[in-house]
Amino acid sequence: MTTDATFSAAVSPAEGATAAHQIDLLRTMLLIRRFEEKAAELYSAGKIRGFLHLYIGEEAVATGVIQALTPEDAIVATYREHGQALARGVPAGAIMAEMYGRANGCSRGRGGSMHLFDVTRRFYGGYAIVGGGLPVAVGLALADRLRQRRRVTVCFFGDGAVAEGEFHESLNLAALWELPVLFVCENNLYAMGTALGRHQSQPDIARKAEPYGVTSASVDGMDVLAVESAARQAAESVRRESRPHLLEARTYRFRAHSMYDPDLYRTREEIERWKLRDPLILLRGRLESQGALPAERLAALEREVDTRVAAAVAEAEAGELEPVEGMLDDVHTPPAR
Amino acid sequence: MTTDATFSAAVSPAEGATAAHQIDLLRTMLLIRRFEEKAAELYSAGKIRGFLHLYIGEEAVATGVIQALTPEDAIVATYREHGQALARGVPAGAIMAEMYGRANGCSRGRGGSMHLFDVTRRFYGGYAIVGGGLPVAVGLALADRLRQRRRVTVCFFGDGAVAEGEFHESLNLAALWELPVLFVCENNLYAMGTALGRHQSQPDIARKAEPYGVTSASVDGMDVLAVESAARQAAESVRRESRPHLLEARTYRFRAHSMYDPDLYRTREEIERWKLRDPLILLRGRLESQGALPAERLAALEREVDTRVAAAVAEAEAGELEPVEGMLDDVHTPPAR
Amino acid sequence: MKTTYREAVRAALRDALETDPRVFLMGEDVGRYGGAYAVSHGLLEEFGPERVRDAPLSESTFVGAGIGAALGGMRPVVEVMTVNFSLLALDQIVNNAATLHHMSGGQLSVPLVIRMATGAGRQLAAQHSHSLECWYAHIPGIRVLAPATLEDARGMLPSALRLPDPVVIFEHASLYGMEGDLADDAGAVELDRAAVRREGRDLTCITYGGSLGKVLAAAAELAREDISAEVLDLRSLRPLDVATLVASVRRTRRALVVDEGWKTGGLAGEVSAVLMEQAFYDLDAPVARLCTAELPIPYAKQLEDAALPRVETIVAAARALLPAR
Amino acid sequence: MKTTYREAVRAALRDALETDPRVFLMGEDVGRYGGAYAVSHGLLEEFGPERVRDAPLSESTFVGAGIGAALGGMRPVVEVMTVNFSLLALDQIVNNAATLHHMSGGQLSVPLVIRMATGAGRQLAAQHSHSLECWYAHIPGIRVLAPATLEDARGMLPSALRLPDPVVIFEHASLYGMEGDLADDAGAVELDRAAVRREGRDLTCITYGGSLGKVLAAAAELAREDISAEVLDLRSLRPLDVATLVASVRRTRRALVVDEGWKTGGLAGEVSAVLMEQAFYDLDAPVARLCTAELPIPYAKQLEDAALPRVETIVAAARALLPAR
Ligand SMILES: Cc1ncc(C[n+]2csc(CCOP(=O)(O)OP(=O)(O)O)c2C)c(N)n1
Ligand SMILES: Cc1ncc(C[n+]2csc(CCOP(=O)(O)OP(=O)(O)O)c2C)c(N)n1
Ligand SMILES: [Mg+2]
Ligand SMILES: [Mg+2]
């Protein structure tokens with residue numbers, strides 16, 4: 001499998017997305033980028049612990065896909081889910097506080113970086129067993145089918161998850177039962193240190209949908225407008241036909257797999273080549289060429305995002321610790337409820 | 001999915017199989033048929049217990065496929081494996097004794113009908129967890145690859161097993177690592193009471209190989225000559241290229257899933273329609289039309305087979321019971337070995 | 001009315017489907033086939049394919065789909081045909097069903113009921129004869145039930161469906177044919193307490209599920225020798241009703257735990273350890289365990305019989321617990 | 001020589017690859033990445049991709065392939081990255097690896113070694129912090145080992161590779177960085193006996209794996225209070241070396257079992273039950289268990305710390321076992 005960074009987007013970019021909309025997308029991607037840069041810093045400072053998987057380089061995927069969702073739609077993600085959470089509107093402060101393990105975290109400090117939840121936004125969380133989220137997404141869609149709700153459940157997972165049996169079982173079940181699941185494979189070409197070509201006998205992921213009679217498409221995951229339009233088409237058909245769809249977004253992670261990863265399995269050159277297609281740079285370039293992003297506008301955007309990240313950190317720092325006495329409270333649902 | 005009993009064999013029947021060879025095939029299929037008819041009788045008589053899954057109607061699959069194997073090749077089968085065991089040459093007496101739970105059984109009474117083993121014939125057994133045999137077959141082939149032995153491992157499984165994650169994982173791994181596994185799907189159109197179309201979103205099983213870059217073919221599983229020639233071609237390429245292949249044999253079970261099954265999920269008509277394509281009748285018809293099977297020859301064959309089945313029963317009846325004291329001996333391999 | 005364990009479970013399923021639109025059944029062959037043990041026979045015809053769903057052979061995914069459907073507001077009843085196949089679904093049960101309420105800081109709940117047949121004794125050999133209740137009983141976040149009577153077969157399911165969290169119900173395959181009388185208005189039962197199935201003075205025999213019948217038969221035999229055995233049915237395997245266990249043993253001062261699971265690391269050991277902690281000074285003899293011999297269950301009848309607890313071996317173990325007389 | 005637990009395991013792997021052509025490694029990221037815990041770092045470069053095989057994320061299948069390769073005459077060493085992911089491979093381990101020798105009437109043997117990291121304590125939250133050694137210890141047909149020292153990290157693997165049957169080795173993730181001295185000629189160790197890691201008179205503290213260090217630290221602290229604690233390292237979790245346990249407790253007459261697993265249905269209960277059966281009349285106090293609190297392991301440090309056994313809680317539990325003075 002070549003890791004050449006140029007793709008022909010299988011789905012053409014959204015025609016004439018307004019400058020305002022493109023700036024919204026840039027704001028979201030910038031927020032994810034700065035939020036995670038800060039998180040990495042805080043991890044080194046020992047404020048954040050456990051596993052931390054950064055999404056840097058892949059921001060266009062979550063940002064573009066989630067454009068296609070309504071508040072009624074549901075999201076199931078992985079342990080690499082800060083981007084999905086932020087793009088869905090989970091407050092940055094609640095996410096940062098969660099990574100601090102504080103009571104004001106979005107999972108009350110129980111979950112940490114890998115297990116962000118926000119039920120009010122139908123953000124059904126980060127799943128840290130690879131492939132483990134797919135059946136849950138199928139079930140959420142089954143509930144919608146049984147209740148005749150025209151909702152879409154989006155399920156994010158990586159290329160590595162495609163090797164798990166649950167990928168196969170979930171595509172078959174979703175297709176067999178005509179369930180509205182949008183499966184989004186974030187193909188960043190590596191499962192930890194294992195390159196796509198060393199874990200898939202046939203590396204074209206979009207083709208994996210064929211034997212189930214599931215439609216699929218591939219999209220340039222570095223081009224947020226391409227991702228958005230592919231996701232809109234996909235979500236539209238999933239909602240209309242109550243059938244699953246597999247969308248492969250070809251992307252790349254600029255950082256190591258996790259903070260523990262020495263990143264010895266790929267070359268600097270490969271990483272640098274991909275950074276030329278940094279989704280933020282691509283979108284910024286497009287806006288600038290349209291004359292839609294004057295320097296001061298961009299600077300303002302940067303300031304705005306920095307302020308939000310700083311506020312998120314402040315919120316996390318100010319958060320209380322959950323009392324040890326209440327430790328056993330959340331094992332079972334209180335009868336009250 | 002239509003259960004229409006006519007197929008165009010994807011692979012054409014072996015040209016000019018000699019009459020002698022065809023009679024050998026008929027002998028094997030007849031042995032399987034009579035052996036199982038007797039087993040069913042003995043089950044009702046309480047001589048055989050536990051689960052008993054009959055292969056009646058599917059004899060052409062095991063009989064044809066195993067023609068393609070050398071004594072060095074390996075076989076992994078399911079709980080419906082009397083046919084494979086007999087076709088491989090496991091003594092009928094040892095199989096019947098196993099079903100009686102006797103010490104002279106091929107698994108010394110530990111396994112019963114679902115767990116026949118004969119290591120001298122590289123018959124690696126019946127696996128009763130659906131899909132559970134596939135990874136084992138992949139591993140046997142991996143050992144052959146690592147030892148540079150040009151052997152084939154044949155793995156039999158049903159259409160229902162195709163829904164299990166291990167089917168997906170095993171095809172990917174065998175293809176990725178270039179392992180000589182011949183995957184044989186015995187598509188009898190039902191997984192217990194669940195018709196193919198109600199467990200597969202897309203019922204063409206041969207197509208399931210595509211996303212792994214694995215070659216595949218479908219064959220009329222009621223035509224033993226077609227199965228043999230398809231299996232010979234498949235085994236040949238697996239051996240030559242050290243790559244897996246998926247062969248779908250379209251067949252049908254004439255009996256219930258197991259002796260417990262009231263068989264309420266399919267119509268008499270459907271069963272009768274399939275019985276018109278009984279693999280024994282088809283082959284007998286072909287031989288007779290060639291004038292190669294005079295009535296007395298057939299009668300002699302029937303007598304020969306009946307004698308072998310009777311001898312098998314006698315052997316089982318004469319078998320000792322394993323002493324209860326030795327019960328714990330076979331939990332671990334004795335250090336001696 | 002006269003009924004069977006199988007019909008009692010079916011009545012509970014039908015009742016749940018009738019009274020709660022959020023309830024649906026899902027599992028291999030629960031529909032057309034009528035259930036591997038005929039438990040759901042007729043329910044597809046009565047409630048249709050949307051609410052009685054035949055699943056492909058994909059244990060991990062249809063159990064996980066049950067979790068997702070529960071998150072989505074439904075009350076799924078998932079049948080995993082047998083505990084033997086549930087090994088393929090353990091990741092979903094242990095890592096998702098049992099953890100989501102906690103990991104989400106209390107935002108999510110998973111009101112999922114998983115039923116499965118368990119146990120040995122029918123010459124099904126090593127892969128089809130597991131009793132892994134103890135594994136499930138080890139996991140915080142799920143409840144584990146083992147109905148051993150018609151009342152519990154009928155009543156534990158509706159009670160489980162009222163709980164907001166995952167419940168795993170183990171039905172011993174040898175019980176489905178058990179006949180008996182059941183009150184016409186039988187319904188939900190309480191789930192927290194172990195039940196004294198027979199009162200006694202000389203020792204307490206603690207068991208559950210498929211072994212209860214054997215233990216009661218043994219108690220009857222012991223009575224003929226003037227040994228008065230109390231028989232306790234755990235009913236709930238997680239949490240254990242320790243108070244009832246301890247109260248009984250405090251009276252009888254002797255205990256025998258009978259469990260079809262393997263001894264090492266099994267549920268009988270847990271019961272023994274709990275009595276060690278809470279009734280040590282009341283014991284006149286060490287708590288004894290009678291479990292299945294530690295080997296893969298063999299097919300041959302005499303070998304399987306020898307491996308499993310039997311009435312005779314229970315009687316012998318009980319006698320051995322008592323002072324020689 | 002000075003070394004670490006990680007390097008000791010690596011040395012054992014390298015040695016096995018060098019001395020036995022039938023040995024090969026297989027698992028996720030054991031090659032290019034160098035192992036999730038860097039255990040197999042450098043081995044791909046040294047032995048090549050045929051013998052150090054990076055597997056796709058397909059736990060059930062690469063573990064099953066290990067079983068098949070063992071049947072085919074190889075000596076596979078399969079790394080399942082962590083016990084958390086091994087749930088996906090349990091069917092292959094329990095229904096195939098553990099049963100094939102028996103089910104085949106002794107014809108087949110499965111000389112397979114499966115290594116996996118286990119344990120909590122690094123703020124990895126509920127799905128990445130399991131300690132399910134007790135589940136494996138429940139299964140007849142497999143051996144279960146827990147190296148807690150450099151000698152055992154170096155020696156248990158070669159010894160396991162000499163066995164003709166499946167062996168599961170649990171390496172507590174917190175031990176990989178442990179430093180110490182190891183004899184240059186360190187190699188295979190015997191596997192059957194528990195080890196007395198510290199001698200004592202007043203009570204026996206029984207533990208294994210990642211908890212050994214905490215228990216030794218607690219014993220040192222207890223010594224300052226003139227409490228003499230013997231520390232026993234189980235080493236083999238299946239089978240248990242009951243004789244050594246009983247001999248120690250007969251002397252000290254008191255026992256505390258420390259286990260990072262959850263208490264209910266865990267290994268500590270098994271140890272307590274065995275002592276109940278074989279040392280009841282020698283006990284001056286009930287055997288106590290100190291285990292992990294019964295909840296999915298939380299991420300927040302103070303919550304995780306509170307959930308796990310700690311030196312202070314071990315010391316307190318030991319004190320509570322002794323007569324007030
Ligand atoms: C079942 C399982 N096996 C192994 C792991 C360890 N692990 C965590 S992430 C990962 C790689 C996953 O790769 P991919 O699915 O491509 O997602 P990415 O990290 O690239 O976003 C692995 C092997 C796990 N969490 N779950
Ligand atoms: C993992 C698993 N789930 C369920 C079962 C129960 N079961 C035994 S055979 C069978 C149907 C299998 O159908 P198929 O693979 O088509 O094989 P066939 O019986 O038709 O030959 C089922 C569901 C099992 N043995 N293993
Ligand atoms: Mg990836
Ligand atoms: Mg079938």
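Just so we're on the same page: letters track the sequence lines, and every chain starts at 1. Predicted model, so just to flag it, every value in this text is computed and none were measured.
Only the backbone of C:I142 comes within contact range of chain A, with heavy atoms under 4.5 Å apart. Residue contact with chain C, scored on non-hydrogen atoms closer than 4.5 Å, is absent for A:L328. Both the backbone and the side chain of C:A55 have a heavy atom closer than 4.5 Å to some heavy atom of chain A. The contact between A:R149 and chain C is made entirely by side chain atoms (from C-beta outward), counting heavy-atom distances below 4.5 Å.
Closest approach of A:A143 to C:A69, counting heavy atoms only: CB-O, 3.8 Å.
Looking at C:D91, its side chain never comes within 3.5 Å of a backbone N or O of A:G132 through a donor-acceptor pair. Between the C:D165 side chain and the A:T333 main chain, a donor and an acceptor come within less than 3.5 Å of each other. Although no hydrogens or angles enter the test, the distance criterion places no donor-acceptor pair under 3.5 Å between the side chain of A:E169 and the main chain of C:F62. Side-chain atoms of A:R110 do not come within 3.5 Å of backbone N or O of C:M103 as any donor-acceptor pair. In this structure a side-chain-to-backbone donor-acceptor pair under 3.5 Å is present from C:Q107 to A:F117. Listed for the C:E50 side chain is no donor-acceptor partner under 3.5 Å among the backbone atoms of A:L146.
In this structure, the side chains of C:T99 and A:H115 stay at 4.5 Å or more apart for every pair of heavy atoms.
In the displayed structure, A:R145 atom CZ is contacted under 6.0 Å by more than 12 heavy atoms of other residues, nucleotides or ligands.
Between chain C and the residues A:G111, A:S170, A:A174, the most heavy-atom pairs under 4.5 angstrom are made by A:S170. With chain C as the partner, the residue from A:V138, A:L116, A:V119 showing the most heavy-atom pairs under 4.5 Å is A:V119. Residue with the most contacts toward chain A among C:S58, C:P166, C:P111, C:G72: C:S58 (heavy-atom pairs, distance under 4.5 Å). Contact count against chain C (heavy-atom pairs under 4.5 Å) is highest for A:V136 among A:N172, A:V136, A:T153.
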Worked check of side chain to side chain contact (heavy atoms under 4.5 Å, CB included) between A:I129 and C:Q92: CA-CA 9 Å; A:I129 305 296; C:Q92 287 296 327; over 6 Å; no
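Counted by atom type alone, C:T61 and A:E166 present zero donor-acceptor pairs between their side chains at under 3.5 Å.
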